[in-house]
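One structure below.
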Amino acid sequence: MTSAPLERIRLWLRHSAERAESVSNMKVWLLAAAVGVLVSYGVILFTIAVEALTTWAYGEGTSLLAQGARGLEPWRAFLVPVVGGLIVGAILWLAQRFHILPDIRCQGVAEVIEARASPPGHVSLAGGAANTVAAGVALGFGASAGREGPLVLMGGSMATFLARRFKLSAKDARTLLGCAAAAAVSAAFNAPIAGVLFALEVVLSNYALSIFGPVTLSSVVSLLIAQSQLGDVHRFDIPAYASAAPYDIPLGAVLGLICGAVAWSFLQTAAKGRKMSRQLIAKRRVPAFLLPVIAGVGMGVIGIFLPEVLGFGYEATSQALNGNYSLSLLTILLVAKLFATVLCLSCRFGTGVFSGGIYLGAISGAAFGIALSFIFPDSAVANPTFFAMIGMGAVSGAIIGAPISTTLIVFEITGDYQMTAALMIAVGIASVMVQVFFGSSWFHYQLNQRGYDLSHGPQGVILNTIRVRDVMRAMPPDAAPLEEDAPRLLANQTLGEALAQMTDLGLDGMPVVADKDDARIVGTLTQIRALRTYNSALVESHIEHHR
């Protein structure tokens, strides 16, 4: 009688231990904490370096950059970003020449998402360091870009290094990438909750319990260290304003439509800008390393007349939040910031779009609030500050495709509950508009340009990221060559393309060649082998997303 209860307790303990092992890995938790520490100090060093460069170049830090630029001689205000473009172009050229970066461009969040989605997933530590230096120089010299791109990439390179050093599985390596993204956002924006949700929503596209814990730990550790070194800093000083009335919520929905149009305009213009820069390089009209110089020249001209557009734009954003700009000036700044950010992104003079989205949203919301005060001068409609905060979240959330985490970032930046309901509605409307009229967020657009379509969920990711070379059965080097018109697969094709081609031709298997002009067979792939690989990956993905 006494042995049966003891046996049940023993079985219960064993099953509990097995369940605990399935949802938690002590090595991953320890590495998550280590990532939080490393990324936090990386963010601290990056922040200090950008502040020092900005102060040296403009006489003021990032919070008062416009004031500092306005006090410079026009020739110097013009020359600073040009010199920055020269330095950034040289860094990227050297990094590409020595195979540190794959090409001459700044990298960001899209590369970390790509590393998560495509096996084996890798962000070079040396590449992350070179990219961080280039982005830091660009921002210090006034580039209209953001911090989240270089910092998330820097964290991703650290996570990749640790994952390889400690031989983590592919699933745990992906978790560590999420930890790095959360730590970077948490420390950079003083927003630990938003950091976690950004990692889950944007980078991992996964809310599984086994991932949530390590990502949260990394975010909190990073925040605590950053606050101990930099203080509990909020970039924007939000003035007091009257409580939101019930009719301010539908007005927030109207603002959501406006912010959706602003976000769409930015994405459409940025896409065309990237296409033009690629065409200039392809036609050899402009060497790639000179593109940052072109952006520097453009920013120099803008800096002479509208220094509020330079850098992160903290000063202008704060002024808009405090209602210190006229409607005409807000309109001019909106157009100028959109053009400047597109110019810098297209010409590889920095990376990161979140700060630009915050700026564009604050300006749009403030302009909307001022316009309402003209239309309804004697009403109790909320003042421009209320709508500026809503705009901050709506535009940036629609651009980066992260409505949940962006809402929380804005809340954690402002510390204000009053506008939350209107903010969520505006972010939702703006995000839907971008998805309908542009088709994807900025990060997914970048990935689509490289052949990765992540819009169809885990099954689409599997079909688009596994390559034929990863699953084919290799052939000996002396295999007989193919006849000229014989059907074939290319080693670089995706698994989805291979399955579709075999189905269309009614074949159970096909030979694989390295290049379409190469008749040498390097392997073979059968439908059964391809489907077995797909099913196995799909089951593994399902388990990962639900445990």
Side-chain angles (χ1 to χ4, degrees), residues 40-74 76-85 87-88 132-151 154 184-191 223 225-239 296 299-300 302-304 306-322 324-325 333 336-337 340-341 344 349-352 354-359 362-363 392 409 412-414:
S40 184
Y41 278 110
V43 170
I44 292 167
L45 290 174
F46 185 85
T47 302
I48 292 172
V50 171
E51 288 290 337
L53 277 174
T54 305
T55 303
W56 175 78
Y58 291 99
E60 294 286 353
T62 56
S63 297
L64 296 173
L65 192 157
Q67 180 178 311
R70 201 175 291 110
L72 298 178
E73 293 290 335
R76 182 175 173 182
F78 170 78
L79 204 57
V80 167
V82 176
V83 173
I87 297 172
V88 170
T132 303
V133 173
V137 171
L139 293 170
F141 281 80
S144 180
R147 292 185 296 166
E148 89 287 345
L151 292 178
M154 175 194 69
V185 172
S186 176
F189 297 100
N190 200 23
L223 175 77
I225 294 174
Q227 286 187 343
S228 70
Q229 300 297 317
L230 301 176
D232 188 7
V233 178
H234 289 278
R235 293 289 180 180
F236 308 113
D237 184 20
I238 310 300
M299 292 305 300
I302 292 172
I304 295 174
L306 289 172
E308 293 86 357
V309 173
L310 294 169
F312 302 123
Y314 290 146
E315 186 175 352
T317 304
S318 294
Q319 293 294 328
L321 286 169
N322 283 271
N324 295 334
Y325 287 151
L333 290 176
K337 186 65 174 180
T341 307
C344 290
F349 192 37
T351 182
F354 182 72
S355 294
I358 287 284
Y359 184 111
I363 296 293
M392 288 168 65
I409 286 177
E412 291 186 287
I413 287 174
T414 61

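Contact record, A188 with R147: O-NH2, 2.7 Å, taken as the closest heavy-atom pair. S186 and L223 make their closest contact through OG-CB, 3.3 Å (heavy atoms, listed as atom of the first residue, atom of the second, distance). The shortest non-hydrogen separation linking G352 to E148 is CA-OE2, 3.0 Å. Across every non-hydrogen atom of A316 and Y359, the tightest pair is CB-CE1, 3.4 Å. Taking all atoms of both residues into account, the shortest heavy-atom contact from V309 to A340 is CG1-CB, 3.5 Å. Here the shortest heavy-atom pairing between A362 and M392 reads CB-CG, 3.6 Å.
Between F312 atom CZ and L65 atom CG the span is 9.5 Å, to the nearest 0.5 Å. Here the CD atom belonging to Q227 is positioned 9.5 Å from the OG atom belonging to S40, to the nearest 0.5 angstrom. Put simply, CG on L321 and OH on Y314 are 13.0 Å apart, with the number rounded to the nearest 0.5 Å. Annotation: the span from L64 atom CG to T54 atom OG1 amounts to 11.5 Å, rounded to 0.5 Å. Interatomic distance, OG1 of T341 versus CZ of F349, reported as 12.5 Å (0.5 Å rounding). Atom CG of residue L310 and atom NZ of residue K337 lie 8.0 Å apart, to the nearest 0.5 angstrom.
With respect to T47, the side chain to side chain contact (heavy atoms under 4.5 Å, CB included) criterion is satisfied by exactly one of V43, V50, L45: V43.
Here A66 pairs with R70, P307, E308, E315 under the side chain to side chain contact (heavy atoms under 4.5 Å, CB included) rule; sequence neighbours left out. Residues that satisfy the side chain to side chain contact (heavy atoms under 4.5 Å, CB included) test with P150, not counting sequence neighbours, are F46, N131, A135, T351.
Between the Y58 side chain and the F141 main chain, a donor and an acceptor come within less than 3.5 Å of each other. The main-chain N or O of A57 is found under 3.5 Å from a side-chain atom of R76 such that the two form a donor-acceptor pair.
Using a 3.5 Å distance cut-off with no hydrogens or angles, the side chains of T62 and E51 do pair a donor with an acceptor.
Residues I44 and L230 meet the side-chain proximity criterion, which asks for heavy atoms closer than 4.5 Å.
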